[in-house]
Number of protein chains: 2
Amino acid sequence: MTDSRQPSPPIPSNADVTRLALIRAALKLFGSKGFEATSTREIATAARANIGSIAYHFGGKEGLREACAHHVVETIRTVAGPAMRIAPEDLPPDEAETLLTTAIERMVSLVVASPEAGEFVPFMLREVMQPSSALDIVYEGVFEPVHTRFCQLWERATGEPAESERTRVTIFSLIGQVLYFRIGRVAVLRRMGWDAIDEGRARLIAEIATGNARAILKARRDKGR
Amino acid sequence: MTDSRQPSPPIPSNADVTRLALIRAALKLFGSKGFEATSTREIATAARANIGSIAYHFGGKEGLREACAHHVVETIRTVAGPAMRIAPEDLPPDEAETLLTTAIERMVSLVVASPEAGEFVPFMLREVMQPSSALDIVYEGVFEPVHTRFCQLWERATGEPAESERTRVTIFSLIGQVLYFRIGRVAVLRRMGWDAIDEGRARLIAEIATGNARAILKARRDKGR
DNA sequence: GTCTATAAACAGATAGAC
DNA sequence: GTCTATCTGTTTATAGAC
């Protein structure tokens, strides 16, 4: 009935709609409450589907978790892919620095954004805190490529080898300073006396995070001489 | 029977031993697996106590969580208390900077240390990720005082007001860069090709974290002129 | 205080009607 | 594909013996 054979943009079938609704609801609940704390009934209700549909589409709760991981990877690949593909060779140091700070700014937006895309981050953070079958998917699909990319930009900006221990650990510290604004969100809100992180506050955070990165970059360059 | 009336060092009764064993086991399990994913039976077995003892001593699972929070606060207060009480007034900038970097080094040891004290950190991070009745206890007992302390040292080192938005956000970024080595531990291990974080690796992380702090400090001081 | 038995609620998985 | 009824196991909390 709804089948019109278009090759390029596939028309979402009725089943696909249910499937996606389940993934979206699960992603949100897994991220905010945790996998074990979320019941399949809760997910089905939030997705306006029935409990049986989880078993039908994903084989079970664990399968749904993995489907969520794939969905996160695919979505991030779509939005961040183009920027990731710019070859780092032949980049002058100051352009590499600009790309790096821009990447940090984007990360702050993603991490701090309340709804929509921001749901991905808690899910991934929980996966990495408590490795499961879905960790490999998000690690290889997001963590590893993003970290590697940052390391390459760092090399172009400072001259330090991208894969040296020092560079890799430094990049983790740079990423960590941003991610904490999601993990410790309630502590941040309470300590700052904020009720939410609006755009202006997100800009302040981004400004400080990129400022930090530039300061560290500068210190390393000066030392390298 | 075991009651010898010594006022200062109270002899631990049989009940106190069970109580502490339960808290310790729960702290470890809540931290590593999460509150909901941990069953009371599991805790009782790990503590070599019976299930009923949790209801008896803490009223239930939720009460045990709060007892864990109090235990964490008390322990941290004992070990970090003395350093926290050094008055920040009249501190010359370079001494404030030294105190700040020393505090970061200690935080790295605590965060990266696998067993013992390191069990506190995952517990607190989970609490802050998913606020519960125990969050207030750890927030007011640890998060808030530590953050405030860092802000005061920052003021002495840079001249920026301790309670300005900029300072408070900066301190969060400084703390976040360290905490991520616990949250993203498995990602760090995998990306670094490490099987564990031994003392030498912990020193590398501490060196980079303190180096970052000094670089940011320097940039801010230069800008302030 | 310790320990066991049990109650009442809830979990995820499954079979089968539609 | 959707939806419901049900099975089986597990959960926390509780009552009561010792």
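Below, chain A is the first sequence line, B the second, and so on; all start at residue 1.
The ring pair (Phe, Tyr, Trp, His ring centres under 6.0 Å) analysis of residues 25-60 of chain B, with sequence neighbours excluded, yields the pairs B:Phe30-B:Phe35. A ring pair (Phe, Tyr, Trp, His ring centres under 6.0 Å) check over residues 194-213 of chain B, counting only residues at least two apart or in different chains, returns nothing.
Residue contacts shown for B:Ala55 include a base, since a base heavy atom lies under 4.0 Å away.
If B:Gly52 and A:Gly59 are placed on DNA chain C by their nearest nucleotide, the residue sitting closer to the 5' end is B:Gly52.
Between A:Glu105 and A:Arg203 there is no salt bridge, since no side-chain nitrogen of the basic residue lies less than 4.0 Å from a carboxylate oxygen of the acidic one. A:Arg24 and A:Glu119 are not joined by a salt bridge, as no carboxylate oxygen comes within less than 4.0 angstrom of a charged side-chain nitrogen. Salt bridge status for B:Arg201 with B:Asp195: present, with a side-chain N to carboxylate O gap under 4.0 Å. The pair A:Lys33-B:Glu36 does not count as a salt bridge, with every side-chain nitrogen at least 4.0 angstrom from each carboxylate oxygen. Salt-bridge annotation for A:Glu163 and B:Arg191: present, with a side-chain N of the basic residue lying under 4.0 Å from a carboxylate O of the acidic one.
For the 3.5 Å distance criterion, the side chains of A:Glu127 and A:Ser132 qualify, holding a donor opposite an acceptor. With no hydrogens or angles considered, a side-chain donor-acceptor pair links B:Thr167 and B:Ser164 at under 3.5 Å.
Closest of all the heavy-atom pairs between A:Thr18 and A:Ala49 is CG2-CB, 4.0 Å.
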Produce the list of close N/O pairs, under 3.5 Å, pairing protein atoms with atoms of nucleotides 10-12 of chain D; give distances to one decimal.
| from | atom 1 | to | atom 2 | distance (Å) |
| --- | --- | --- | --- | --- |
| D:dT12 | OP1 | B:Thr38 | O | 3.4 |
| D:dT12 | OP1 | B:Thr40 | N | 3.2 |
| D:dT12 | OP1 | B:Lys61 | NZ | 3.1 |
| D:dT12 | OP2 | B:Thr40 | N | 3.0 |
| D:dT12 | OP2 | B:Thr40 | OG1 | 2.8 |
| D:dT12 | O4 | B:Arg41 | NH2 | 2.6 |

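From the 5' end on, the contacts that DNA chain C makes with chain A at under 4.0 Å to a non-hydrogen atom open and close at C:dA11 to C:dT14.
From B:Ser173, atom OG reaches atom CD1 of B:Ile171 across 7.5 Å, with rounding to the nearest 0.5 Å.
Considering only heavy atoms from C-beta on, A:Val128 stays 4.5 Å or farther from A:Tyr139 through its side chain.
Residues of residues 16-34 of chain A having a heavy atom closer than 4.0 Å to DNA chain C: none are found.
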Check against side-chain hydrogen bond (donor to acceptor under 3.5 Å, both in side chains), B:Thr78 and B:Glu74: CA-CA 6 Å; B:Thr78 306; B:Glu74 280 312 305; 5.2 Å; no

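Note that the two end axes of the helix from C:dG1-D:dC18 to C:dC18-D:dG1 enclose an angle of 0°, each drawn from 5 base pairs, rounded to 10 degrees.
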